[in-house]
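If you scroll down you'll find the structure; I have some questions about it.
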Amino acid sequence: MTEPSYLAAVRESYDTVAADYAQLVKKPAELDPLSRAMLAAFAEVVRAADRGPVADLGCGPGKVTAHLADLGVRPFGIDLSPKMIELARRAYPSLSFSVGSMTALAIQDNELGGILAYYSTHHTPPQLLPVVFAEFHRTLAPGGHLMLAGYVGDNVHLRPTQAYGGHPVSFESHLQPPDRITALLDHAGLVVTSQLLQEPGEGMKRTIATFLARKPEPPLPS
């Protein structure tokens, strides 16, 4: 499969900002109560289902991956940026991290008990979200769970020139309406079981949506 062209900009940009990103982005323990609660709920349902390890896709410097490990699941991290993976391996040597793209995961079918996509799908052009969500469905085991969180908007297209310490970046962000994300997950065969919207306020400039979804198990033979 030919790599989508937008990934080069994302990779280069996050390689550029990696060190400052690791310093500036909060640790999970410093997040707001609802965000912490959703991560804890995700870990709980993954532990209860016990279908396999959890892939933290777009793991960055590994802070959330390590938090999942503290919550009792078996996580590993994947990120498009080699610099981010280098930082994650250095900070959390007991965990596994590798370079990869969620558009074409080097993971077997039905291998994962859980997928966390934490503020990591918004750089994907809207027309390619079905490709990403199809990979989520392919790699999740029946009965496995997905948590997807990030900023949402009414088809907002952002083109920042600087980020994370003022470094130049060339990635773009696409903020989709929550109902469109729900529809795309449903089309990919993932059943949304919970949705939380956090409206702007108390330091948040944009609406945040968190989705919990599940890959259904095949029906029992009659």
Side-chain angles (χ1 to χ4, degrees), residues 6-7 9-11 13-18 20-43 54-68 71 75-81 83-85 87-88 97 100-103 105 114-126 128-129 132-133 135-136 145-153 156-160 163-165 167 169 171-178 180-182 184-185 192 194-200 202-213:
Y6 77 96
L7 292 179
V10 175
R11 181 186 297 110
S13 296
Y14 278 101
D15 275 351
T16 300
V17 305
D20 281 302
Y21 181 101
Q23 292 293 322
L24 294 170
V25 172
K26 293 179 179 179
K27 296 179 180 178
E30 300 169 340
L31 295 172
D32 65 275
L34 287 175
S35 295
R36 296 198 309 270
M38 291 300 282
L39 284 167
F42 171 66
V54 173
D56 181 5
L57 302 180
C59 65
K63 294 180 183 182
V64 180
T65 320
H67 184 67
L68 290 177
L71 292 174
F76 62 94
I78 296 175
D79 199 275
L80 192 62
S81 162
K83 291 290 187 183
M84 288 289 194
I85 292 300
L87 292 173
F97 296 96
S101 168
M102 63 181 72
T103 60
L105 294 166
I115 289 174
L116 177 66
Y118 206 64
Y119 295 83
S120 58
T121 60
H122 60 281
H123 296 308
T124 305
L128 291 180
L129 280 175
V132 171
F133 293 169
E135 278 293 88
F136 292 175
H145 293 271
L146 164 71
M147 176 172 162
L148 187 156
Y151 296 110
V152 292
V156 177
H157 186 190
L158 303 174
R159 300 180 179 88
Y164 304 106
H167 297 285
V169 294
F171 57 58
E172 300 179 1
S173 294
H174 309 270
L175 310 187
Q176 298 295 292
R180 172 168 166 76
I181 295 173
T182 300
L184 290 174
L185 290 171
V192 175
S194 178
Q195 178 178 325
L196 172 69
L197 291 181
Q198 295 172 258
E199 299 298 341
E202 297 185 8
M204 294 191 304
K205 296 180 180 180
R206 297 188 180 278
T207 302
I208 296 170
T210 304
F211 306 86
L212 294 179

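In this chain, residues are counted from 1 in sequence order.
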Below 4.5 Å, heavy atoms only, C-beta onward: do Met84 and Cys59 meet side chain to side chain? no
NE2 on His67 to CZ on Arg36, rounded to 0.5 Å: 8.5 Å
Student check: side-chain heavy atoms of Met102 and Phe136 closer than 4.5 Å: yes
Quick check: do Leu146 and Phe133 have side-chain heavy atoms less than 4.5 Å from each other? no
Stepwise, does the side chain to side chain contact (heavy atoms under 4.5 Å, CB included) test hold for Leu68 with Leu116? CA-CA 10 Å; Leu68 290 177; Leu116 177 66; 3.8 Å; yes
Straight-line distance of Ile85 CD1 to Ile78 CD1, nearest 0.5 Å: 8.0 Å
Can you tell me how far the CD atom of Gln176 sits from the CG atom of Leu184, to the nearest 0.5 Å? 8.0 Å
For the residue pair Leu197 and Ile208, establish whether any side-chain heavy-atom pair is separated by less than 4.5 Å. no
Shortest non-hydrogen separation from His122 to Ser173 and the atoms involved: CD2-OG, 3.2 Å
Determine whether Arg180 and Val152 make a side-chain contact, defined as any pair of heavy atoms from C-beta on separated by less than 4.5 Å. no
Can you find a pair of side-chain heavy atoms, one from His145 and one from Ile115, that are under 4.5 Å apart? no
Is atom CD of Gln23 surrounded by more than 12 heavy atoms (other residues, nucleotides or ligands) closer than 6.0 Å? no
What verdict does the side chain to side chain donor-acceptor pair (under 3.5 Å) test give for His157 and Glu172, after you've listed the backbone C-alpha separation in whole Å, the side-chain angles of each residue and the deciding distance to 0.1 Å? CA-CA 7 Å; His157 186 190; Glu172 300 179 1; 2.6 Å; yes
Please name all residues satisfying ring-ring contact (aromatic ring centres under 6.0 Å, His included) with Phe97, sequence neighbours left out, ordered by chain then number. none
Looking at Ala88, is its backbone amide N or carbonyl O close enough to the side chain of Lys63 to form a donor-acceptor pair, meaning the two atoms are under 3.5 Å apart? no
At what distance, to the nearest 0.5 angstrom, does OH of Tyr21 lie from NE2 of His167? 13.5 Å
Side chain to side chain contact (heavy atoms under 4.5 Å, CB included) evaluation trace for Met147 with Leu39: CA-CA 8 Å; Met147 176 172 162; Leu39 284 167; 3.8 Å; yes
Do Thr124 and Tyr6 pass the side chain to side chain contact (heavy atoms under 4.5 Å, CB included) test, and can you show the C-alpha distance, the side-chain angles, and the key distance before you say yes or no? CA-CA 8 Å; Thr124 305; Tyr6 77 96; 3.5 Å; yes
Measure the OG-CG distance between Ser101 and Leu80 for me, rounded to the nearest 0.5 Å. 5.5 Å
To the nearest 0.5 Å, what is the distance between OG (Ser120) and CG (Leu57)? 6.5 Å
Using modelled atom types and a 3.5 Å cut-off, is there a donor and acceptor pairing between side-chain atoms of Ser13 and backbone atoms of Val10? no
Taking all heavy atoms of Val17 and all of Ala163, pick out the closest pair and write down the distance. CG1-O, 3.7 Å
Distance-only side-chain donor-acceptor flag, Gln195 / Thr210, under 3.5 Å: no
Taking the side chain as everything from C-beta on, heavy atoms only, tell me whether Phe211 gets closer than 4.5 Å to Thr182. yes
Mutual orientation of the aromatic rings belonging to Tyr164 and Tyr14 [parallel < 30°, tilted 30-60°, perpendicular > 60°]: tilted
Asp79 side chain to Gly60 backbone, donor-acceptor under 3.5 Å: yes
Do Tyr118 and Ser35 make a side-chain contact, defined as non-hydrogen atoms from C-beta onward lying under 4.5 Å apart? yes
Is the NZ atom of Lys83 crowded by more than 12 outside heavy atoms at less than 6.0 Å? no
Could you give me the CA-CA distance, side-chain angles and deciding distance for Arg206 and Leu158, then say whether side chain to side chain contact (heavy atoms under 4.5 Å, CB included) is met? CA-CA 12 Å; Arg206 297 188 180 278; Leu158 303 174; 3.6 Å; yes
Within the side chain of Asp56, is there an N or O that forms a donor-acceptor pair under 3.5 Å with the backbone of Thr65? yes
Distance-minimising heavy-atom pair for Leu31 and Lys26: CD2-CB, 4.3 Å
Side-chain donor/acceptor of Glu135 to backbone N/O of Val132, under 3.5 Å: no
